[in-house]
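Here the structure is laid out as structure tokens; the discussion comes afterwards.
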Amino acid sequence: MPELPEVETTRLGLIAALEGKRIVSAEVRHPRLLRRQDNPADFAARLEGRTVRSLGRTGKFLMFEVDDDFTWVTHLGMSGRMSIDPIGSAEVPHTHVVVRTGHSEVRMVDPRTFGFTVVFTPEELAASTLGRLGPDAWTDLPRSAELMTRAGRRTIAVKSLLLDQRFLAGLGNIYADEVLFRARVAGTRPASSLTFEEMKAIRAAIRPVLGAGLRHGGTTLGDLAYLLPDGRAGEYVRRLKVYGRQDEPCRRCATLIIRQQIGGRSSFSCPLCQI
DNA sequence: ACCTCCCTGGCC
DNA sequence: GGCCAGGGAGGT
């Protein structure tokens, strides 16, 4: 599922196809993906004939700056991906968004339609949930002391806090588990119970875990839902230490990895290494 | 700080 | 045939 490394890999993969390119046509075939667009007709009207200036990202949101101050925002949800294809080439099923330039087509494929795409004016952007996102976990990671302050007296499980995009933007279910394993902290721990040392360990784990995910092109699971824009699979799945490894030995201590629900999410951890 | 919902392919 | 995966929004 696309989390920060997958979204960032997608962004980097789209730069050559979109940056500085004029959009010839923009089409959304599945109305559900336009549910964040107040007037669905705005999507095409605001993109067609305009030039994409820069490709940005905050957390799991792709944010492309388009001429005349529009921002084209895309969230891949859990099953979405973007691809670059020759104009008019055969489409795979669930191709719901097609944005064409003079050179190629950028397509969004999303079987489960948890993703969305929308073109905002500056006012709409500021009023959207993006305005409430926490700092980006990769480019804007706060110091441990600030994380400690913001965790405060919250009794929420620390894993749930890491998944809260208002606290920190970018981590999802896979990387949150991997971060907590590296930090040797159990995800069930109330955030308020963390010592400063433990928060430092969590903070220190975030960059290496996300960086490794990025280096390997993100995590493509067995369902092949997530692929890079050029169609390759991400290889980070082979490096996962706990996610999806229930009943397999911990790579550090050989204790069997356990699976439990935290905040309604499947969570994997080593019961010996993580306390 | 919780719960439910959305959606579909893959799996048992 | 039914359950599960889960990001985020909305409700309680």
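Below, chains carry the letters A, B, ... as their sequence lines are ordered, and counting in each starts from 1. In this text the structure is predicted, and so the values were computed from the model without any measurement.
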Self-check item: ILVMFWY cluster membership beyond A:V73 - transitive side-chain contacts under 4.5 angstrom
Solution: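 A:V73 clusters with A:F61, A:M63, A:F116, A:V118, A:F120, A:L125, A:L130, A:L133.
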
Quiz item: Would you say the base of C:dA5 and the side-chain of A:R112 have a donor-acceptor pair closer than 3.5 Å?
Solution: yes

Pair [X] + [Y], salt bridge at N-O below 4.0 Å:
{"X": "A:E197", "Y": "A:K200", "result": "yes"}
{"X": "A:R57", "Y": "A:D136", "result": "yes"}
{"X": "A:D110", "Y": "A:R81", "result": "no"}
{"X": "A:E91", "Y": "A:R29", "result": "yes"}
{"X": "A:R154", "Y": "A:D164", "result": "yes"}

Self-check item: Aromatic ring of A:F114 stacked on base six-ring of C:dG6, 5.5 Å, 30°
Solution: yes

Quiz item: Which residue, A:Y243 or A:R36, contacts DNA chain C at a nucleotide closer to its 5' end, judged by nearest heavy atom?
Solution: A:Y243

Integer-rounded Å distance: [N] [atom2] and [X] [atom1]:
{"X": "A:R35", "N": "B:dC5", "atom1": "CZ", "atom2": "P", "result": "17 Å"}
{"X": "A:I262", "N": "B:dA1", "atom1": "CD1", "atom2": "C1'", "result": "15 Å"}
{"X": "A:Y226", "N": "C:dG6", "atom1": "OH", "atom2": "P", "result": "18 Å"}
{"X": "A:F116", "N": "B:dC7", "atom1": "CZ", "atom2": "C1'", "result": "16 Å"}
{"X": "A:H75", "N": "C:dG6", "atom1": "NE2", "atom2": "P", "result": "15 Å"}
{"X": "A:L163", "N": "C:dG6", "atom1": "CG", "atom2": "P", "result": "10 Å"}
{"X": "A:Q165", "N": "C:dG8", "atom1": "CD", "atom2": "P", "result": "4 Å"}
{"X": "A:R81", "N": "B:dG9", "atom1": "CZ", "atom2": "P", "result": "14 Å"}

Is the shortest side-chain N/O distance from [X] to OP1 or OP2 of [N] below 4.0 Å?
{"X": "A:H94", "N": "B:dT8", "result": "no"}
{"X": "A:H30", "N": "B:dC7", "result": "no"}
{"X": "A:S79", "N": "C:dG6", "result": "no"}

May I ask you to say what [X] touches in the nucleic acid, namely base, sugar-phosphate or nothing, with a heavy-atom cut-off under 4.0 Å?
{"X": "A:R166", "answer": "nothing"}
{"X": "A:T129", "answer": "sugar-phosphate"}
{"X": "A:R259", "answer": "sugar-phosphate"}
{"X": "A:F167", "answer": "nothing"}

Quiz item: Centres of the A:Y236 and A:Y243 rings: under 6.0 Å?
Solution: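 When the ring centroids of A:Y236 and A:Y243 are compared, they turn out to be at least 6.0 Å apart.
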
Quiz item: Does a side-chain heavy-atom distance below 4.5 Å link A:L162 with A:I202?
Solution: yes

Under 3.5 Å, which N/O atoms of the protein pair with N/O atoms of nucleotides 2-4 of chain B?
none

